[in-house]
Chemist: 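Next up is a structure, given as C-alpha cells.
Sequence lines set the chain letters: A, B, ... in the order given, protein chains first and strands last, and positions in each chain run from 1. A quick note: this is a predicted structure, and the numbers were derived from the prediction, not measured.
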Protein chains: 2
Amino acid sequence: MANPGDVSPLTLNRLSVYLRSLRQLIEEGIQRVSSDELALRFHLSAAQIRKDLAQFGAFGIRGVGYEVEPLTEHLSGVLGLDHTHPLIIVGMGNLGNAFARYLEFNHGAFEVVAAVDHDPAKIGRRVGNITIEKASRLASIVNRTHAEIGVLAVPAGVAQENYDALVSAGVRAVLNFAPRRLAVDPSVVTRDVDLRIQLEALAFYVTQLRRPEPSGS
Amino acid sequence: MANPGDVSPLTLNRLSVYLRSLRQLIEEGIQRVSSDELALRFHLSAAQIRKDLAQFGAFGIRGVGYEVEPLTEHLSGVLGLDHTHPLIIVGMGNLGNAFARYLEFNHGAFEVVAAVDHDPAKIGRRVGNITIEKASRLASIVNRTHAEIGVLAVPAGVAQENYDALVSAGVRAVLNFAPRRLAVDPSVVTRDVDLRIQLEALAFYVTQLRRPEPSGS
DNA sequence: AGATGTGAATGAGTTCACAGCT
DNA sequence: AGCTGTGAACTCATTCACATCT
C-alpha cells in the first residue's frame, strides 16, 4: 500500500478516470470486470490499470477480475470522496461564477461554502446557497467555514497575492485558474487549470500540422 | 529544428509559459535575459528552458542570453499566435458561456466565431458578438465560419456524439471540457480540461496527507 | 484456464555538466 | 568570462511478459 506522497499525479488522474468508468458499469448493473475489459471499453491500458490499482491494495481476483462495487467504494475512499470537501471560491467573475454553478449540478464530494471578491459591487450578491463576501475577510471566512480547498479565479495580475492570502488563511489545497505560474507553498497542494496553455497548444498543432502526417523522415 | 509531431505536449505547455514570461519582461522594458534569470524569476528550470528553445532553432547568444523581443516574436510564430484562430463553442451552458466571455477579455489569437446548443430555448440568444445557433446545423456553420477549433462544453452523456459531429464538421482541434474520455480521431488534436480530475486529486491530498509529511519510512 | 500482480525492459522526460561559441 | 546548446546520466512512467494465485 503506497505512501500518499509516493503516488504520482498521473496515477491520481487515472484513478479519477477509473472511478468514473466503474460508476458507469454500476449503472449498467455489471458486477465484475477484468482489466482488459475496462481498457477496451474506456480506451485505457490494461497493464496500467492493474499497476495503478495494485498500488492501493490488491483488490482483484486472479482468474476472474475486479468486483465493480467494492472496488468503486475502495477507490472513493482512497480519493477521499466518501466525505464532503468544503470549498471557497476567490474571484467571482465569469470563471468563478461558472465554477460555482458547475458544482451545484455536480453535487457530490465538493461543496461551495463561501465565495469572495474584491469588487464592492459584487459583495452581497447571492450565488446558489451562498452570498459573496469581502475578500479582505478571507481569513475569518475560511476559519468559520473550515474551507479546505481554495479555488483561485482572479485575474493573473493579482493571482499571487490572493494565493498567498488563501494559504495563510489556512486552506490545504488550491485549484488555480489564473494564467500565472505561482510561487507555491510546498505544504499546500496546487493544481493549475490554465486555459491559455491548452488553447495555445491547439493553435500550435493547427498551425504546424497542416495535413495529417508528413509521412516518412 | 523539430518536426511538429515530435514536440512533446509538455514542451508545448512550457512554451506558452515562456511566452507569457517574456511578454512580462517586454512590459518591463527588459531587452535581454539569460535562461538562469528566466528560471529564477518565473520558477522554471534553466536547463529545460535552453533545451526547449533549442528545439525551435537556436536563438540565444552564447555568453549573453536571449533577446527578449525577437524570441517572443519567434515563439509566437511557432505557436501560431501571429494569426487569429476561429473557434466554435458547442454547448452554451455555464461553462460555454463563461468560456465565451473569458475569450472576449482575453482578446488575442483566438476569436469565437460561432456557438451552438441543443436547447431550443437558447437559440437566438446573443453572447458578445455572436448569436447562438442550432447544434444540428453544426456542419454548415463550421463551413461558413471556417472555425478550426471546437470547444466542447456539453454534458458528459452527449460528449462523444458532439465530438464526432465537430470532427465530421471539419474542425482541426478540440478543447474538451466534458468529463468523459473520448474515442478520438487521430487526425484531430484534442486536449481535455477535466475539472473533476483536478478536484478529486486535491481531495486525495487533502484527505491522505493530513499533516505536512509523515517523516521517514 | 484465466486474469491478477509484478519484476524486468523499454521509453519518455529531466537534469547534469561541459565543450564551444561570442 | 559567461551563457548557450547538447550529449550523457539519471529519474520517472509505461509496457511487456510471465510466475502466481483462484
Chemist: Return whichever of B/Val64 or A/Val64 has its heavy-atom-nearest nucleotide of DNA chain D closer to the 5' end.
Modeler: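 Its nucleotide being nearer the 5' end, the pick is B/Val64.
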Chemist: So, under a plain 3.5 Å distance rule, would you say the side chain of A/Arg50 forms a donor-acceptor pair with the base of C/dT4?
Modeler: no
Chemist: Return the value, rounded to whole Å, for the distance between atom CG of A/Asp52 and atom C1' of D/dT15.
Modeler: 12 Å
Chemist: Which listed nucleotide (D/dT14, C/dT6, D/dT4) is nearest to the side chain of A/Leu10?
Modeler: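 Looking only at heavy atoms from C-beta outward on A/Leu10, the closest nucleotide is D/dT14.
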Chemist: Is the shortest side-chain N/O distance from B/Ser45 to OP1 or OP2 of C/dT14 below 4.0 Å?
Modeler: no
Chemist: Expressed as a whole number of angstroms, how long is the span from A/Glu67:CD to C/dA3:C1'?
Modeler: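 Rounding to the nearest Å, CD of A/Glu67 and C1' of C/dA3 are 14 Å apart.
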Chemist: Reckon B/Arg14 touches a base, only the sugar-phosphate, or nothing at all at heavy-atom distances under 4.0 Å?
Modeler: sugar-phosphate
Chemist: At less than 4.0 Å, is any side-chain N or O atom of B/Tyr66 found next to OP1 or OP2 of D/dG5? Yes or no.
Modeler: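 Yes, B/Tyr66 has a side-chain N/O under 4.0 Å of OP1/OP2 on D/dG5.
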Chemist: Do A/Asp194 and A/Gln198 have side-chain N/O donor and acceptor atoms under 3.5 Å apart?
Modeler: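 There is no such pair between these side chains.
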Chemist: Hey, does the side chain of B/Glu69 reach the backbone of B/Ile26 with a donor-acceptor pair shorter than 3.5 angstrom?
Modeler: no
Chemist: If the test is side chain to side chain contact (heavy atoms under 4.5 Å, CB included), which one of B/His83, B/Arg172, B/Glu148 qualifies with A/Thr207?
Modeler: B/His83
Chemist: Over all strands shown, is B/Ser35 touching base, sugar-phosphate only, or nothing at heavy-atom distances under 4.0 angstrom?
Modeler: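 Sugar-phosphate, backbone atoms only, no base.
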Chemist: Using the closest heavy atom to pick a nucleotide of DNA chain C for each, name whichever of A/Gly63 or A/Ala54 lands nearer the 5' end.
Modeler: A/Gly63
Chemist: Can A/Asn176 and A/Tyr163 be counted as having a side-chain donor-acceptor contact under 3.5 angstrom?
Modeler: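 No, because no side-chain N or O of A/Asn176 sits under 3.5 Å from a partner of the opposite role on A/Tyr163.
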Chemist: Any donor-acceptor pair under 3.5 Å between the side chain of B/Lys51 and the base of C/dT15?
Modeler: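 Such a pair exists between side chain and base.
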Chemist: Report the relative orientation of the aromatic rings in B/Phe59 and B/His74; use parallel for angles under 30°, tilted for 30 to 60°, perpendicular for over 60°.
Modeler: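 Aromatic pair B/Phe59/B/His74 classed parallel.
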Chemist: Taking the minimum atom-to-atom distance to the side chain of B/Ser34, which one of D/dA17, D/dA13, D/dT4 wins?
Modeler: D/dT4
Chemist: Go through the N and O atoms of the side chain of A/Arg62 and the base of D/dT22, and report whether any donor-acceptor pair is under 3.5 Å.
Modeler: no
Chemist: Separation of A/Gln55 atom CD from D/dC12 atom P, in whole Å?
Modeler: 14 Å
